[in-house]
Amino acid sequence: TLTTPSKWSKRHLSWRVRTFPKESHLGHDTIRALMYYALKVWSDITPLNFHEVAGSEADIQIDFSRADHNDGYPFDGPGGTVAHAFFPGDHHTSGETHFDDDESWTFRSSDAHGMDLFAVAVHEFGHAIGLAHTSAIESVMRPYYQGPVGDPLKYDLPYEDKVRVWQLYGVRDSVSHMARPDMTRTAEPPVLPDLPENRSTLPPARDAPDRCNTDFDAVAQIRGEAFFFKGKYFWRLTREKHLVSLRPAQILRFWRGLPINLDSVDAVYERPVDHKIVFFKGGKYWVFKDNNVEEGYPRPISDFGLPLDGVDAAFVWTHNDKTYFFKDGLYWRYDDHERRMDTGYPKDVVLWKGVPALLDDAMRWLDGASYFFKGTEYWRVKDNEIEVEAGYPRSIGRDWLVCTEMQSDSPATHTNETRSRQGQKQHQESRSENGYEVCSCTS
Amino acid sequence: APSLTAEQINMGVDWLSKFGYLPPPDPVTGQLQTKEALTKAIKAMQRFGGVEESGELDEATLVLMKTPRCSLPDVNESETARRKR
């Protein structure tokens, strides 16, 4: 690790976004909010305090620049070098932080080619307060972009970086056990929009389901992220399987155009041919471009050649890029490229060895495997195979939805009560493949 | 291993100079790097980047060199000079 060249002698530092990206879907307020929270990562644990100023003078001037911008560190278009910042000091550029305006700056996005602005900002502000690059794999100060770091409101600085910044500035009182309420912060923190800009920030109603003790109506992989649908709500996981929020979001507030009286969905999948998202409910389906429904929907699912009583599950098999629909122990194979149902279907689900006959939904995941969901459990079938892997079923809550062991032994889960799709309660025993009772002991 | 193109080698040397693993080439003499210096620089970069220290511009190293990153050098010039001395 480089020896640190300098640090700020003062503890109150001003910052300002002097120029914004010329072409970005991130609004100015969102960019300012992300900068606020990226600086707050460092001020939360050190005696440093950052305050935004409007004037032309600021200790930390933030610019979005392109190509050669006269500071000896020219940017190079998308990719390559994406940002840099100058170490503390008396020079007029000290503390300046530059982001490459040719990058596609994103915030809570699954865009594989985008650059998560918050993640890069935390790194660059590390430089602006005096930290150099390090080779430590876990550190945010590694020189290489390591992808999004999750929700800015929940971001936790790696310990490696805490130690290094504490060596420079010491520990903030509030972090040490000498904590006293920090009365100095009077201004309200800027609001970070949750998902798309205009999503309501109202907490979901009390009837939101408990993700650790429920089955799911539908599960889908959409643009690399996993979505678990239950009733009027859904949970979303990033491609690293990080839950975006422990609280579910409301389907109708994100997927715009579904009927307002929709109380649940049956199945969802992303169409391989054009990456539009198809929702199924009863005998109808809707097609979404991004999160807006297209004109002319809903339409009857007979368009697919499916019976009108609906589908249980829909997913695209990585192996052949065909779409499989499941219903009451039967399955169909549909060619989305040709827009036609393949001949010889339906067939019996028993051909998918080990997969339960009655499914809640199925999806392919980024590992190329197929996942089948029923109740609180799921089954995995490796790509190119049609038999469930050993060691399944496993718990959805534990593997996907950050449900701790203790939660998993709550009475409801232990008896594996699940509500059948028709709403009657039925007692379903959880079985391993050899038919023995499966039980788990957590303490 | 497949042989590297001259372009890849040039890209590699530029990258190593840009991020502090090699002294910047002298604009007048266009100072050439010795094989030994190049190997040492590549190893330093591989160690810093967490890839296998082969000393060669292998696949993993070229991929890392293409990874988006911060513009600041990993090693500052004085350190490189000290190593050179």
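All chains are named by letter (A, B, ...) in the order of the sequence lines, taking the proteins before the strands, and each is independently numbered beginning at 1.
At a 4.5 Å heavy-atom cutoff, A:Asp100 makes no contact with chain B through either its backbone or its side chain. Only the side chain of A:Phe75 comes within less than 4.5 Å of a heavy atom of chain B; its backbone N, CA, C and O stay farther away. Neither the backbone nor the side chain of A:Gln146 comes within contact range of chain B; no heavy atoms are under 4.5 Å apart.
Between B:Trp15 and B:Tyr21, the two ring planes are parallel [angle under 30°; tilted spans 30° to 60°]. Ring geometry, A:Phe64 versus A:Phe99: the interplanar angle falls under 30°, so the pair is classed parallel (tilted spans 30 to 60°). Taking the six-membered ring for Trp and thresholds of 30 and 60 degrees, A:His84 and A:Tyr73 have ring planes inclined between 30 and 60 degrees apart. Ring orientation note: the planes of A:His133 and A:His127 are nearly perpendicular, at an angle over 60° on the 30°/60° scale.
Between chain B and the options A:Pro74, A:Ala85, A:Pro78, the largest number of non-hydrogen pairs under 4.5 Å is found for A:Ala85.
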